[in-house]
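Here is the structure we will look at, set down as structure tokens.
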Amino acid sequence: RQLLAAHLHAIDAEAFLVTALPNVRYLTGFTGSNAVLLLTPSRAILFTDPRYTLQSSQETTCTVRISKGPLLKAVASAISRHQLRSIAFERQQIPYHAYEFLHDKLPPRARFVPTDLYIESLRMVKSPAEIDLIRRAVLTNSQAFDAALRQFKQGMAEAELAAEIDFQMRRLGAESPSFDTIVASGSRAALPHAHPTSNPIQPNQLLLIDMGATQQGYASDMTRTLFLGRSSRLWKQRYQAVLEAQLAAIGSIRHGVHAHSVDAAARNVLATHKLDSAFTHSTGHGLGLEIHEPPRIGKKEKRRLLAGMVVTVEPGIYLEGEGGIRIEDTVLVTEKGCEILTPTTKKLTQI
Ligand code: ZN
Ligand code: ZN
């Protein structure tokens, strides 16, 4: 909050109106589902509703305004009361009707200052405390993966295995999955974001699992592709190609590197195996309070990676009608390179 308040003059604003809940949580510690933060250099006012009277007093050191009616009404009167004349807001994070409402109620001569992912940019470099929380979430994720696979039986449905994974994550301390768990077998592994079906998982095919555990608010993200029973030589070669690409991308990560060159490292390896056209998404993304947050590791991403950022590295190949392979770790960028936080093995595994 101090850092943001100190930056206000640079964006020509007297106050910052924060409407994105992950940003509200980041700046206040408040975890409720309905809140807005109004920040000025001298005060931080959190607006929420009566369901959260006790919780907000426990979680945050901000001034709390409990509002029985719409929060924005209370926000508008605070803007008038404090005679704020320029208020920064999150243009990607406010519904149109909310913007209209506030705009109509602005005092004369006051104005809104649009900002783009401003607080998200502050969130990119994690504090040591945040890194510890992500480590914890990553560990829970890997432990749940192992525990769920121990329960795996031939003929289990994709949806049943996904439910087992979710159960194990919660049993091990996660408050929720970070996203809908992906379990895709056989040719369905060609869908990068497949929804688990009630189809029984058949022997002698691929099994792709993409899962994340959110613990104390922080996400993790991991994909492993396993072979059930026997696998063909061709798929083993393809697996090695994706692994080689993933390791090349990880090997290129260090403080100051351009995100697009990490993406290129993975893509170039797949090109040598003539598999680059089957790699249809970007190489990775930041994570933290949200499962997808800046920076993106994509072809055109000009941003540099900085020590303290936590990103995924997840090249994959998707072949329609045949199947797909993705290998994904959560990685911490350091001064000299990076640290792979995910402990789960990437050696070709047959179960
Ligand atoms: Zn994932
Ligand atoms: Zn991911």
Side-chain angles (χ1 to χ4, degrees), residues 22 120 123-124 126 133-135 137-146 148-149 158 161-162 165-166 168-169 174 176-185 188-196 206-215 217-226 239 242-243 245-247 249-250 253 259-260 262-263 265-267 270 278-299 301 303 305 309-318 323-333 338-346 349:
E120 285 81 351
R123 279 169 45 197
M124 285 193 300
K126 270 62 185 178
L133 290 172
I134 295 172
R135 270 182 207 283
V138 167
L139 207 60
T140 295
N141 196 27
S142 286
Q143 288 169 343
F145 176 79
D146 292 344
L149 281 188
E158 290 172 350
L161 181 56
I165 288 169
D166 292 356
Q168 294 294 346
M169 285 196 282
S176 66
S178 302
F179 52 90
D180 285 348
T181 301
I182 297 171
V183 174
S185 59
R188 289 184 47 77
L191 304 166
H193 272 193
H195 292 289
L206 291 166
L207 178 64
L208 185 150
I209 297 171
D210 189 354
M211 59 189 286
T214 295
Q215 195 159 346
Y218 281 79
S220 57
D221 198 358
M222 174 181 91
T223 308
R224 288 293 181 267
T225 308
L226 308 166
Y239 185 88
V242 175
L243 182 55
Q246 204 243 7
L247 294 174
I250 288 175
I253 294 179
H260 63 74
V262 176
D263 183 83
R267 233 166 269 283
L270 289 173
F279 179 24
T280 49
H281 52 73
S282 51
T283 295
H285 53 87
L287 58 70
L289 284 170
E290 291 176 279
I291 181 62
H292 293 120
E293 49 179 68
R296 222 170 67 87
I297 301 181
K299 256 185 202 169
E301 188 66 47
R303 219 188 285 271
L305 298 185
M309 289 183 175
V310 180
V311 296
T312 69
V313 179
E314 50 177 308
I317 56 165
Y318 309 95
I325 294 171
R326 179 165 67 254
I327 304 172
E328 173 180 31
D329 286 328
T330 300
V331 167
L332 168 66
V333 183
C338 69
E339 184 192 344
I340 303 173
L341 302 182
T342 310
T344 304
T345 183
K346 291 180 283 197
T349 307

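Counting from 1, the numbers follow the sequence of the chain as shown. Read the numbers this way: they start at 1 and go in the same order the structure lists the ligands and their atoms.
- Asp329 and Lys346 are joined by a salt bridge, as a carboxylate oxygen and a charged side-chain nitrogen come within less than 4.0 angstrom of each other.
- Around the Zn ion (ligand 2), the protein contributes the following N, O or S atoms under 2.8 Å, ordered by chain and number: Asp221 OD2, His285 NE2, Glu314 OE2, Glu328 OE2.
- Atom CD1 of Ile134 sits about 8.0 Å away from atom CG of Leu289, to the nearest 0.5 Å.
- Scanning for side-chain contact (heavy atoms from CB on, under 4.5 Å) contacts around Ala249 gives Val262, Ala266, Thr283, Val313, with sequence neighbours left out.
- Residues passing the salt bridge (Lys or Arg N to Asp or Glu O under 4.0 Å) test with Glu158, sequence neighbours excluded: Arg188.
- Among residues two or more places apart in sequence or in another chain, the side-chain contact (heavy atoms from CB on, under 4.5 Å) test is passed with Leu332 by Ile131, Arg135, Val310, Thr334, Glu339, Leu341.
- In summary, the side chains of Ser178 and Thr214 do present a donor paired with an acceptor at a separation below 3.5 Å, with no hydrogens or angles considered.
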